[in-house]
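We name chains A, B, ... by the order of the sequence lines, and we start the count at 1 in each one.
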2 protein chains.
Amino acid sequence: MKRTVENINYSKETIAIARFAKALGHPTRITILNYLDNQSCCFTGDLVGVLPLAQSTISQHLKELKDAGLIQGELKPPKIKYCIHQENWNKAKELFVNFLK
Amino acid sequence: MKRTVENINYSKETIAIARFAKALGHPTRITILNYLDNQSCCFTGDLVGVLPLAQSTISQHLKELKDAGLIQGELKPPKIKYCIHQENWNKAKELFVNFLK
DNA sequence: TAGTCAAATCGTACATTTGCGATAAACTAA
DNA sequence: TTAGTTTATCGCAAATGTACGATTTGACTA
């Protein structure tokens, strides 16, 4: 993407929506978020039991969601409890609702 | 993606949300949709004037949005008028609002 | 200190996305 | 028919995404 058009000046909102949308743009991640919402929280290992994917792959998807700010991890040694990042979740909701008005 | 895990059974809704989200997952496409919404409709050429991207690149983004069902094209020779696909747009809105509840 | 467990990260392979310029296709108008 | 206009598609290159198994890391516990 860093080629001739190095930096288009998108608005902050545009970038924010695209960032959230990108994170939501894979069925596995939608599934993870649904699961997370139902359980309110969960461990990586729970997902490994639920999804037919390698542990490393699931970890990668969790990273993607965490980087986008949609979830957060809390240390519960030796596990990590993942939950929805409510603040950013609400922000995403607001952005989408406003955008899709 | 077609490797060992050939087909995970995602629900229809999950696939639908991910599909829409993926299409929304690029700032250029968000910009196009915003523009489209403001003008209610537009031609490919209009966007070429607005965005610092090659015509072929913009055409590609439009295709992506069309394939996702978010916009539709109407032949107005020698141009093509693109508009929001209102029905699918509403569907997307419903899916996102429900998902982000 | 050594061992254990859960999760992250590394290295790799392949697929998909994003971008461009060049070209083709569809239509009008002369 | 020919030329012009507009948009789509092709072919390519680079970047990014998705998946795996193997390994490392971090936080305990014995």
To the nearest Å, how far apart are L62(A) CG and dA8(C) C1'?
-> 11 Å
Closest non-hydrogen atom pair between L36(B) and I84(B), with its separation = CD2-N, 4.0 Å
Under 4.0 angstrom, heavy atoms only, what part of the nucleic acid is K81(B) near: base, sugar-phosphate, or nothing?
-> nothing
Taking only the side-chain heavy atoms of L53(B) (C-beta and beyond), determine which of dT9(C), dT6(D), dC20(C) contains the nearest atom.
-> dC20(C)
dC27(C) P sits how many Å from I80(B) CD1, rounded?
-> 9 Å
Could you check whether E64(B) gets within reach of a base, just the sugar-phosphate, or nothing at all, counting any heavy atom under 4.0 Å?
-> nothing
Measure from the side chain of P78(A), starting at C-beta and using heavy atoms only, and say which of dC5(C), dT18(D), dA7(C) lies closest.
-> dC5(C)
Transitively linked via ILVMFWY side-chain contacts under 4.5 Å: F96(B) with V97(A)?
-> no
F43(A) has a side chain; which of dT7(D), dG21(D), dA7(C) sits nearest to it?
-> dA7(C)
Any donor-acceptor pair under 3.5 Å joining the side chain of Q60(A) to the base of dA8(C)?
-> no
Could you give the CD-to-P distance, from Q55(A) to dT25(D), as a whole number of Å?
-> 15 Å
Atom CG of L75(B) to atom P of dT5(D): distance rounded to whole Å?
-> 19 Å
N or O in side chain of H61(B) less than 4.0 angstrom from dT7(D) OP1/OP2 | no
Interatomic distance where CD1 belongs to I30(B) and P belongs to dT18(C) [whole Å] | 12 Å
Whole-Å distance separating the CD1 atom of I58(B) from the C1' atom of dT7(D) = 11 Å
Touch class at under 4.0 angstrom, heavy-atom based, for S56(A) against every strand present = base
Candidates dT7(D), dA8(C), dA6(C) - which lies nearest the side chain of T44(B) = dT7(D)
Contact class for T57(A) (heavy atom, under 4.0 Å): base, sugar-phosphate, or nothing?
-> base
Between L51(A) (CG) and dA7(C) (P), how many Å, whole number?
-> 14 Å
Could you please name the option among dA8(C), dA8(D), dT9(C) that lies closest to any side-chain atom of Y82(B)?
-> dA8(D)
Provide, to the nearest angstrom, the distance between the CG atom belonging to D46(A) and the P atom belonging to dC5(C).
-> 17 Å
Looking at K22(A), does any N or O in its side chain come under 4.0 Å of the phosphate oxygens OP1/OP2 on dG17(D)?
-> yes
Just grab all the salt bridge (charged side-chain N to carboxylate O under 4.0 Å, His left out) pairs involving residues 54-73 of chain B, residues at least two apart or on different chains.
-> R19(B)-E64(B), K63(B)-D67(B)
N/O donor-acceptor pair under 3.5 Å between N38(A) side chain and Y35(A) backbone | no
Establish, with yes or no, whether the OP1 or OP2 oxygen of dG19(C) is under 4.0 angstrom from a side-chain nitrogen or oxygen of H26(B).
-> yes
Between dT18(C), dA6(C), dA19(D), which nucleotide has the shortest distance from any of its atoms to the side chain of T28(A)?
-> dA19(D)
Can you hop from V48(B) to I80(B) via hydrophobic side chains spaced under 4.5 Å?
-> yes
Relative to the ring of H26(A), is the ring of Y10(B) parallel (under 30°), tilted (30 to 60°) or perpendicular (over 60°)?
-> perpendicular
